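Note that the coordinates shown come from a computational prediction; the quantities given were computed from them, not determined experimentally. Below, chains carry the letters A, B, ... as their sequence lines are ordered, and counting in each starts from 1. Scope of the values below: all heavy atoms of this structure, side chains included, with no hydrogens, waters or symmetry mates.
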2 protein chains.
Amino acid sequence: MARSTREAILTAAAELMRHRGYAAVGMKDIAHASGAPIGSLYHHFRGGKVQIAREALINAGAAYGLLIPTLIDEYDDLGQAIEGVFAQAAEDMASTGFANMCPVASVAAEVADTVAELRETSASVFRGWIEGGAAYFAARGLDGARARDVTLAIVGALEGAFVLARTLRSTEPLLAAGRTLALQYRGVTLARVSAAAVGPR
Amino acid sequence: MARSTREAILTAAAELMRHRGYAAVGMKDIAHASGAPIGSLYHHFRGGKVQIAREALINAGAAYGLLIPTLIDEYDDLGQAIEGVFAQAAEDMASTGFANMCPVASVAAEVADTVAELRETSASVFRGWIEGGAAYFAARGLDGARARDVTLAIVGALEGAFVLARTLRSTEPLLAAGRTLALQYRGVTLARVSAAAVGPR
DNA sequence: GTCTATACGGCGATAGAC
DNA sequence: GTCTATCGCCGTATAGAC
């Protein structure tokens, strides 16, 4: 439950765009889903649809950026951690009828060549994840280059597997991706650190 | 150059949708890009926009399905083959100003929850790739389960890396994904077979 | 700040002359 | 089979009463 009208609008927009992307979500859809009338959308977001999408991407990006380190915190072995993350993603997807997906990627793919401002916003969200993940893994003992590569591999494989899983309505691509990536890092130990302190910029 | 008007329409549609997805491409855009007037689109495709997208996905899917085995045919080592595929993808992307991308995924992500018929079409294209790839690797000596996992990992990682690379306008995600997946399969030898005979269903 | 009514443009699709 | 004019609808955005 969002407290303010503004927050309700952003939450509704993020949820709708996660399912349908950017172009297929209308201002009327957002108004209806948030409970606010159309006029309120433009009152709170003078920049219209682009501004709403922009802020929704930033919010969702921050939430997702924290999710992966949080999940991985539980593990001491990198291979097991990776398999755990993908298994969790598979479970979430299946339990939402394969309607769930990264809210940023579904918009990013669509606007990369059409809405410059949103492409830049998605890029900065992705950059935050990559830099945050690299810093997290470095803090847990991996060397710099490897920390960055592992992060890129996880994020990329997750995004790709989401598209396949959603389209095929099957968890197989997620589980196969997790299994495959995990194989490689099994036996790589993650150091225990007190405070991870990693978030998207 | 396409020979018939029909082919020109499908080629133009595939090219446009690869860049902008499904919703953001209009019938007028397709008409203009193909050189055919609007009426011709509906003459050749009674099912309208959905039918054009459907056939464009099938065509593009068949072409892409042949591409990866063709590239991998050159190699004897699975690790080197994977790194080669991702390096090639990175080169293509950079040389097209990061505008290039898998024409199927950009539509698939957008329509998975909105246009049932196109979701089913994308699913069958993906299924063709996965089954074709699994059969190809099996023919080159990998055991069944591994052949399927390798295929899923390659396709998933490619699709995800495409989204990141396009948004960030950088080849790094593609190169990192290729490097990471390759590490794992370095030293795995692919058998030489006379005719690969693998294509999407 | 909230909400309704409406403007204006572009969409997919069609009709029908050629 | 090709092409143009146009329909009806729904998109974003706005004006202005409350």
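Ion pairing between Arg119(A) and Asp113(A) fails under the 4.0 Å rule for side-chain N and carboxylate O. Salt-bridge check for Glu117(B) with Arg54(B): passed, with a basic side-chain N closer than 4.0 Å to an acidic carboxylate O.
Side chains of Val104(B) and Tyr64(B) form no contact here, defined as non-hydrogen atoms less than 4.5 Å apart.
Note that CD of Glu55(A) and CD1 of Ile9(A) are 10.0 Å apart. Values are rounded to the nearest 0.5 Å.
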(Q) Using salt bridge (Lys or Arg N to Asp or Glu O under 4.0 Å), reason through Arg20(B) and Glu110(A) one step at a time and then give a plain yes or no. (A) CA-CA 6 Å; Arg20(B) 299 191 225 155; Glu110(A) 208 178 330; over 6 Å; no
Write out a two-atom table: protein N or O, nucleotide N or O from nucleotides 9-13 of chain D, distance below 3.5 Å.
from    : atom 1 : to       : atom 2 : distance (Å)
dT12(D) : OP1    : Val25(A) : O      : 3.4
dT12(D) : OP1    : Met27(A) : N      : 3.2
dT12(D) : OP1    : Lys49(A) : NZ     : 3.3
dT12(D) : OP2    : Met27(A) : N      : 2.7
dA13(D) : OP2    : Tyr42(A) : OH     : 3.0
dA13(D) : OP2    : Lys49(A) : N      : 3.0

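Of the possible donor and acceptor atoms, one in the side chain of Arg166(B) sits under 3.5 Å from a partner among the backbone N and O of Ala109(A).
The footprint of chain B on DNA chain C, defined by a heavy-atom cutoff below 4.0 Å, extends from dG12(C) to dT14(C).
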Could you give the side-chain donor-acceptor pairs of residues 36-43 of chain B under 3.5 Å, partners two or more places apart or in another chain?
none

